[in-house]
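A quick write-up on the structure given underneath.
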Amino acid sequence: MANAKFFESHQLNAIRERLLTLDDSKWAMISTVQLKDPTTSLIVSILAGALGIDRFIIGDTGLGIGKLLTCGGLGIWTIVDWFMIQGATRDKNMQKIQNYLY
């Protein structure tokens with residue numbers, strides 16, 4: 001629950017249940033998983049979103065290159081990402097933790 005800000009609220013219960021049934025040998029791997037902070041992603045998106053840096057940070061290399069080459073979709077994609085980047089970051093965190101849990 002200390003890392004709840006890294007995930008969507010509807011995903012927390014499933015993560016908790018899976019962690020309770022997890023074998024003790026996997027705890028070391030789970031504790032070393034580097035999760036991206038959605039607030040940091042939002043700040044980067046506001047400051048340098050037109051260059052695609054926000055997408056590069058969360059691991060969406062293809063979208064980052066697309067934003068870089070189109071100057072953030074002529075600014076439109078940049079503005080849309082201000083509202084969507086936190087959710088995208090949380091989804092990437094969920095994908096990363098699922099690789100270790102399942």
Side-chain angles (χ1 to χ4, degrees):
M1 298 321 274
N3 294 323
K5 71 177 183 174
F6 296 111
F7 304 101
E8 298 286 346
S9 59
H10 65 275
Q11 298 168 334
L12 292 176
N13 195 29
I15 293 171
R16 181 182 177 275
E17 293 298 321
R18 184 64 184 148
L19 286 173
L20 290 175
T21 61
L22 194 63
D23 186 22
D24 290 339
S25 64
K26 290 191 176 185
W27 278 101
M29 284 192 317
I30 293 293
S31 63
T32 61
V33 173
Q34 295 292 321
L35 301 173
K36 305 294 182 185
D37 189 359
T39 307
T40 304
S41 296
L42 177 63
I43 292 169
V44 170
S45 183
I46 290 170
L47 297 176
L51 300 174
I53 295 172
D54 53 347
R55 290 295 179 163
F56 285 118
I57 285 175
I58 66 171
D60 283 338
T61 307
L63 293 175
I65 291 171
K67 278 181 81 173
L68 180 63
L69 294 176
T70 62
C71 294
L74 299 176
I76 296 170
W77 191 356
T78 301
I79 294 170
V80 170
D81 254 358
W82 292 347
F83 297 98
M84 297 182 64
I85 195 69
Q86 286 187 310
T89 305
R90 289 182 178 114
D91 288 341
K92 287 290 184 178
N93 286 338
M94 186 63 182
Q95 289 173 3
K96 189 181 289 187
I97 198 98
Q98 282 180 339
N99 289 338
Y100 289 98
L101 291 178
Y102 298 105

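Values reported hereafter were calculated over all heavy atoms of this structure, with side chains retained and with hydrogens, waters and symmetry mates removed. Keep in mind that this is a model prediction, so the values were computed, not measured.
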Between [atom1] on residue [X] and [atom2] on residue [Y], distance to nearest 0.5 Å:
X: Met84; Y: Trp77; atom1: CE; atom2: CH2; value: 10.5 Å
X: Arg90; Y: Ile58; atom1: CZ; atom2: CD1; value: 12.0 Å
X: Thr21; Y: Arg16; atom1: OG1; atom2: CZ; value: 11.0 Å
X: Thr32; Y: Ile30; atom1: OG1; atom2: CD1; value: 8.0 Å
X: Asp54; Y: Lys36; atom1: CG; atom2: NZ; value: 12.5 Å
X: Thr40; Y: Gln86; atom1: OG1; atom2: CD; value: 9.5 Å

I want to check something: taking the side chain as every heavy atom from C-beta on, are [X] and [Y] in contact at a cut-off of under 4.5 Å?
X: Ile97; Y: Phe7; result: yes
X: Leu19; Y: Leu22; result: yes
X: Leu101; Y: Met94; result: no

[X] with [Y], same ILVMFWY side-chain cluster at under 4.5 Å:
X: Val44; Y: Leu68; result: yes
X: Leu12; Y: Tyr100; result: yes
X: Ile65; Y: Ile53; result: no
X: Trp82; Y: Ile85; result: yes
X: Val80; Y: Leu74; result: no

Stepwise, does the side-chain contact (heavy atoms from CB on, under 4.5 Å) test hold for Asp91 with Gln11?
-> CA-CA 10 Å; Asp91 288 341; Gln11 298 168 334; 4.1 Å; yes
Contacts of type salt bridge (charged side-chain N to carboxylate O under 4.0 Å, His left out), residue Lys92, not counting sequence neighbours =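 Counting only residues at least two positions away or on another chain, Lys92 forms a salt bridge (charged side-chain N to carboxylate O under 4.0 Å, His left out) with Asp60.
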Please list, chain by chain and in numerical order, all residues satisfying salt bridge (charged side-chain N to carboxylate O under 4.0 Å, His left out) with Asp37, sequence neighbours excluded.
->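 Residues passing salt bridge (charged side-chain N to carboxylate O under 4.0 Å, His left out) with Asp37: Lys5.
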Would you find a donor on one side and an acceptor on the other, under 3.5 Å apart, between the side chain of [X] and the backbone of [Y]?
X: Lys67; Y: Thr78; answer: no
X: Ser45; Y: Ser41; answer: no
X: Arg55; Y: Leu63; answer: no

For atom CE of Met29, decide whether the heavy atoms of other residues, nucleotides or ligands shown that lie under 6.0 angstrom number more than 12.
-> yes
How about Ile76: does its CD1 atom have over 12 heavy atoms from other parts shown lying under 6.0 Å from it?
-> no
Quick one: closest heavy-atom pair of Phe56 and Thr61, and the distance?
->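 So the two residues come closest at CE2-O, 3.7 Å.
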